[in-house]
Amino acid sequence: MELLIKDRLYIPAFLPKEGNFKDFNTKKSILGKIEITQDERQAVGLKENADTKRIEWDVEKEKPLAVEFSGDEMEYLRKACERISDEELPDDMWATVSRIYDFIQEK
């Protein structure tokens, strides 16, 4: 699956904050795979705007990250997507949730 920086920023926000030890390790593995490296941050100019408190970067310089999720990781992500289905979230976050959920359903 290819993930943009926006996807990689949103994923940690909708993953469960608590879980058992297996869940903890699965989440840690997912977060390690989607981490935005320091080199990547510099390449796209990723920074927080001090005035608006929003994260900004040059989307023209962005390159999608190809990520392979294990079966356990996909199941964890699927459950996370389903768990938040009744929450109110911004539309662009729902777009990320929908892409991830649809990708997992196809596998």
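Quick note: numbers below take in every heavy atom, side chains included, and nothing from hydrogens, waters or symmetry partners.
- Looking only at distances, no side-chain donor or acceptor of Gln105 sits under 3.5 Å from a matching main-chain atom of Asp102.
- Electrostatic pairing of Glu82 and Lys79 does not count as a salt bridge here, judged by no charged N lying under 4.0 Å from a carboxylate O.
- A 4.5 Å side-chain heavy-atom check between Arg99 and Asp7 finds at least one atom pair inside the cut-off.
- With contacts defined as side-chain heavy-atom distances shorter than 4.5 Å, the pair Ile100/Cys81 qualifies.
- The closest side-chain heavy-atom distance from Glu18 to Phe24 is not below 4.5 Å.
- Salt-bridge formation is detected for the pair Arg8/Glu40: a Lys NZ or Arg NE/NH1/NH2 atom is positioned less than 4.0 Å from an Asp or Glu carboxylate oxygen.
- Side chains of Glu48 and Lys53 form a contact here, defined as non-hydrogen atoms less than 4.5 Å apart.
- Lys17 contributes atom NZ, which lies 13.5 Å from atom CG of Asp23 (distance to the nearest 0.5 angstrom).
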Check your understanding: Please walk me through it: do Trp57 and Leu9 pass side-chain contact (heavy atoms from CB on, under 4.5 Å)?
Key -> CA-CA 12 Å; Trp57 65 95; Leu9 291 171; 3.7 Å; yes
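- For the pair Trp94/Ile84, a side-chain contact is recorded, criterion being any heavy-atom separation below 4.5 Å from C-beta on.
- Within 6.0 Å of atom CD in Glu68, 12 or fewer heavy atoms from other residues, nucleotides or ligands are found, so the atom counts as exposed in its surroundings.
- Proximity of Ile11 to Leu77: side-chain heavy atoms (C-beta onward) are separated by under 4.5 Å at one or more points.
- Contact check for Leu31 versus Lys27: side-chain heavy atoms found under the 4.5 Å cut-off.
- In the displayed structure, Lys33 atom NZ is contacted under 6.0 Å by more than 12 heavy atoms of other residues, nucleotides or ligands.
- Summarising the geometry of Ala13 relative to Met93, their closest heavy-atom pair is CB-CE, 3.4 Å, with the distance given to 0.1 Å.
- Hydrophobic clustering, with ILVMFWY side chains joined whenever heavy atoms are under 4.5 angstrom apart, keeps Ile5 apart from Leu89.
- Tracing side-chain contacts under 4.5 Å through hydrophobic residues (I, L, V, M, F, W, Y), one never reaches Leu3 starting from Tyr101; they form parts of separate clusters.
- Summarising the geometry, atom CD belonging to Gln42 is positioned 11.5 Å from atom NZ belonging to Lys61; distances are rounded to the nearest 0.5 Å.
- A continuous path of hydrophobic side-chain contacts links Phe14 to Ile30 [ILVMFWY only; heavy atoms under 4.5 Å].
- Under the 4.5 Å side-chain criterion, counting only non-hydrogen atoms from C-beta, Tyr76 is not in contact with Ile104.
- Distance check: Glu62 CD to Lys6 NZ gives 9.5 Å after rounding to the nearest 0.5 Å.
- Under the 4.5 Å side-chain heavy-atom criterion for grouping Ile, Leu, Val, Met, Phe, Trp and Tyr, Tyr10 is not connected to Val44 through any hydrophobic cluster.
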Practice item. Could you go through the side-chain contact (heavy atoms from CB on, under 4.5 Å) check for Lys47 and Arg41 one step at a time? Key: CA-CA 8 Å; Lys47 65 184 182 317; Arg41 290 172 186 269; over 6 Å; no
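- Atom NZ in Lys63 sits 13.5 Å away from atom CG in Leu4 (nearest 0.5 Å).
- Hydrophobic clustering (ILVMFWY, side-chain heavy atoms < 4.5 Å, transitive): Val59 and Ile36 are in one cluster.
- Counting only N and O atoms by type, the side chains of Thr26 and Asp72 include no donor and acceptor under 3.5 Å apart.
- No donor-acceptor distance shorter than 3.5 angstrom exists from the side chain of Arg78 to the backbone of Glu73, with no hydrogens or angles considered.
- The CZ atom of Phe69 lies 6.5 Å from the CD1 atom of Ile34; values are rounded to the nearest 0.5 Å.
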